[in-house]
Structures are given as structure tokens and as C-alpha cells.
Amino acid sequence: MVVSNAEIASIFTQLADLLEIRGEDPFRTRAYRNAARTIGNLGKDLSKMVEEGEDISKLPTIGERIAAKIKEIVETGRLAKLEYLKHDFPPHLLDILTVEGIGPKRAKILYQELHIDSLDALKQAAESHRISKLKGFSEGLEQKILHATLLAKKEGKRFLYAVIEPHALALEHYLKAYKGAEQVTVAGSFRRRKETVGDLDVLTTSKDPAKLINYFVAYPAVKEIVSHGNTRSTVILKNDLQVDLRCVKEESYGAALHYFTGSKSHNIAIRVMAKEQGMKVNEYGLFKDEKKIAGATETEMYEGVGLRYIEPELRESRGEHTAARQNRLPKLIEEDQIRGDLHMHTHYSDGHNNIKEMALAAKKREYGYIAITDHSKHMSIVHGMDEKRAMEQMEEIDRLNEELKGITILKSVELDILEDGSLALPDSVLKEMDFVVAAVHDHFSLTQKMQTKRILRALENPYVKILAHPTGRLIGEREPYKINMKQLYKGIMDNGCFLEINAQPKRLDLNDIYAKRAKEAGVRFTISTDAHNAASLDYMRYGVYQARRGWLEEKDVINTLSLSALKKVLKR
Ligand code: DGT
Ligand code: CA
Ligand code: CA
């Protein structure tokens, strides 16, 4: 392992920053800063000089004590003094030094007076005008800080979960293949299965962190190494995804996993709860009277503060802490509880496979049933089915149901809700189907009143049982249409209907928040893929993840039912 001059310089800068924030002797911090500058400007490789036994203490601004530290860094890849020091500070505190106008002195005041320990906290404080009230901080500076933190946020592009998933799994696989790696988990929003992911936060344990980090930065998909420390590193992959990797001690793994899984607001609530019980929590563990009482596993972290283990998908500060304390957390739905898929397309409309191919692919997934829901004919849909095509399709389904064993094909349609809430096919056709899935595909900009009325009217049709992608949003592309959700939930209940969680990675509609509220209103759901080819039946897991984030259990989702039970709930 070779430590670069830049890395050594950065260690001394961090040391100086932290010591200064702590209010240490300015002579010492200045000495470290001078050394960092010397090292940064040095023409020769310090690692090499140490290896070759050169006397580096003779370098300007270095001296015996700093030379000894450099030797330690070159030999061990880290500076113990800095690692110890970091334990006393929040992990993101130094980030605020990246903002122009904030040096260690100001950081110290912000941290001590306002408990600002991250860029986010800094932004919030600037937004609520708490910074300009501090001595030595003007309103102009507050504005500048706000501007800088807003810019820092904007840089971040978010990726669809499904786009990130293969990259995350490949990286995890790569890291696990390394003999020196023990635990490897992709934490952060990815572990919470959030519909979009900003960056990956990978947590590892190893007996030799520096070596593992070297292995990490050598990952073939790395485009750029942003930082390369001894226990942490940040890289950018070729697809522009940032990956933060940290290597922690086994005994702190649970605490670090909890910390870096987030969400931030979930963590803050845990920290407050710990404090109320006279404990302290950070990414190294849970402490009572300076004694570590938990840290190796997440479960012991939660139990340490009097809570049941909380699944990552629930960690969004939406009531999970109280539910965990009262032992009424949901038993979240699992993908293998899904027994069929109730929304998919074939070449009868815009799908790429025929009915039989879809049915066989579903059977391979061990489903007991599927519903074929090709589009109805309507101006906004190309190749939609008219009455005649719909009748032909139903005849084909009858034939296939006789032919195929082990899977039942249900007759359905993704039926357009017209502008006034009437439907694109007449009841005479709908009554031949097992049930109808209704959907909005146009007139997205109606007023909330009109849109709500339109959809409620469609739900009143006795054949309509499911509302597909209920808010119409496309992540990053199209906002949801305006609809009164409370009235929607009521309409769904009053008419014996169900709301779909559409598993298309761009839709994931209903989203987590609405799913939870709808459930609280008594609504039950379907989770379906809206597959347009056989391979896309695999999208089911994304729908399940969204459902889990919405606190849904097996009993909340009707396509976990047996075929006969399902037919009962779908009966008009
Ligand atoms: P993302 O990457 O935007 O999709 O969302 P996350 O949740 O992965 O956020 P990220 O990558 O900024 O940080 C990963 C986790 O680290 C986050 O979920 C919680 C923790 N964390 C980050 N910053 C802070 C902080 O300032 N305070 C606390 N308590 N935790 C933080
Ligand atoms: Ca992240
Ligand atoms: Ca991150």
C-alpha cells in the first residue's frame, strides 16, 4: 500500500481542523497546517523517502514529532491520533468546512451554539435565520452560506432504484469476493429501498481496512477516485454514481450500519430517545456512562433504546419509533407471498409477447394466476382493443386455460377512464371479464375537483375493481395529476375496489406515503407489474419494496390470496 502525499497532507489538515474546532493550542494547529502545505507542495514521494530511510525531519516545517506521524501514516495507512479524535465529533461535521466563509473557528461556533453538524443542518439553520443571530455572523454571510448549501444539494442527480440495483449488487459481489472483506452491506437509501437513490453508502468490516480500500478503488467500474483514506473512500463510477465506502470495526458494525442506513430523521429520533434515557448514540455504538452497551448488531442498538428491530424500509420517521416501542410494527409483505400478477400487456395491445408466453413466464415464477389487461381502444392509446378484439382475446384465454396446467389466466382489460368518467368499452363487453382495471391516460391537467369526480365516477361502474397507477406520476418526468386522495380512498372503499401499486420502476404508483395513508383508511391493494414483455414480470420486487415502505402486510394485498379467495374479493 502506498500512501500519497495528498492523502498525508489531508490527514494533517483534518487533524488541524478538528483540533481547532475543539479549541486547542493555535500553535500546534498551525504547525499541522504548515506541514500539510509543505507535504502538498513536495516534489518527492514521502512514502518512498520513508521507505528508503531518508531523514524527513529535516524538511522545512516538519521536525521530529511530525516526522514520526508521517512514518506512522506511511507504515499503517492511518494516524491513530486522528482516528481517536474523530470519535469525539459527528462524522459529517467537517463537511461544513467545504462552504466558503466557514473555517474551523466559525465551524466551532456553529457546532457549539446551534449543534450544526452537517451540511443539511447548516442549510436548515441558514433557512431559519438562526445563523445571522450568532455573534460574528452577518446576514450577508448567512445568505452566502445558504446559497452555497443549496448549490451543494443541486449537484446531486438521483437515480431510479431499479437502475442502481444491478450496479449495487455487482459492487457488493466484487467486495465480497475479496478475502480480506468480512461484512459488506450497501446501506443508505438503497437499503431502505427508496424509489430513487442519490448515492451508495457501502459499509464493510475487515482486519486490514487500508488494503480493502485499495481493492475498492481498483474496482473496474470506477471512473474517478474522489478520496482515498485508510478507513473510508469515495469514488465515482462510470455511470456517475457516487459510492462512499467505510470500513469499521466488527464491534461497531451494527451501530455504523444503523447510522449509514438512515434515514437521517430516523436516526435523529433514535438519538433523542437515547438521550432521554441518559444514553448516547453514534456510529460507533450506544453508550451509557461512557460505557459501550451495544454496537455489534442493529438489533442490539434498537433493543438498547427499548425498541424492536425496525426494518430499513420503515426508517423514515413516519411513526415507526412509536410502533416499535409499542410492539405493533407491521409484519411487512414479502415477494414470495405474491401469488399472481394482475396487470400485464400482450401483443393484443402494446405488449411484446403473446398470452401464452406471458402465462408460461408467470408459471415459471410459480404464480397460480395472472390477469391479461391489454389496453382498450382509445385515442390516447395506440393499438388498443375494440369490442371485437376484446371478445377474440377472451376466446383465446378460454382455449389457453384448457391447454395450460398449473396457471389460470384471468380475463381483464386496462380500461381507459374518459374525461367525464365514463369508460372506453361498454358494459356488454366488461361483463364477460373476470374484473376490470381502470386507468387514466390523458387529461392530466383537470382541476382537482374534476379529476376526482372523473375517477370516482369510473369506480362506480360495477365491473371496475382496480384503479391502476392511481396518481399517474412518472418519477422525474411527470407530476401526479391533482386528485383528492381522501375522497379517492373513500371511493375505493365504498365501491369495493382496490388500489394498484404499479411496479414499473418509473411509476411505483401508489407511492409509499399514499399507500400507508390508504391502508390506514382501510384500503386494500394489488401489486402488479404492468409488464409489456415476459421479462418485466420480474419488476414485481420493486412494487413489493414500495409496498413495504408503505407499511403493507400480506393481508393488505389481494394478489397474495389463493385463486378462489381472489375471485371472491373481485366479484362484483
Ligand atoms: P440518498 O443518498 O440521497 O439517496 O439518501 P441517503 O439516505 O442514502 O443519504 P446519504 O447518502 O446522504 O447518507 C447516508 C446515511 O448516513 C443517511 O441515510 C443517514 C446518515 N447521515 C448522513 N448525514 C447525516 C447527518 O448529518 N446526520 C445524521 N444523523 N445522519 C446522517
Ligand atoms: Ca446514499
Ligand atoms: Ca452518501
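Whatever order the structure lists ligands and atoms in, that order sets their numbers, starting from 1.
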Decide whether [X] and [Y] meet the rule of one side-chain donor and one side-chain acceptor closer than 3.5 Å.
X    : Y    : answer
T471 : D509 : yes
N502 : E500 : yes
Q337 : T560 : no
K264 : S118 : yes

Do you know how many protein N, O or S atoms are within a distance smaller than 3.0 Å of the Ca ion (ligand 2)? 3

Quick one: do E165 and Y542 satisfy side-chain hydrogen bond (donor to acceptor under 3.5 Å, both in side chains)? Show the steps, please. CA-CA 10 Å; E165 187 185 49; Y542 306 130; 2.6 Å; yes

Between [X] and [Y], what is the ring plane arrangement, given parallel below 30°, perpendicular above 60°, and tilted in between?
X    : Y    : result
Y161 : Y545 : perpendicular
Y481 : F444 : parallel
Y111 : F89  : tilted

Does the Lys NZ or Arg CZ of R517 fall within the cation-pi geometry relative to Y489 - under 6.0 Å from the ring centre and within 45° of the axis? no

Could you pull out every protein residue that has a heavy atom closer than 4.0 Å to ligand 1, ordered by chain and then number?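 Contacts of ligand 1 under 4.0 Å: H92, S118, R158, G188, S189, R192, V197, G198, D199, D201, Y259, F260, T261, G262, S263, K264, N267, R271.
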
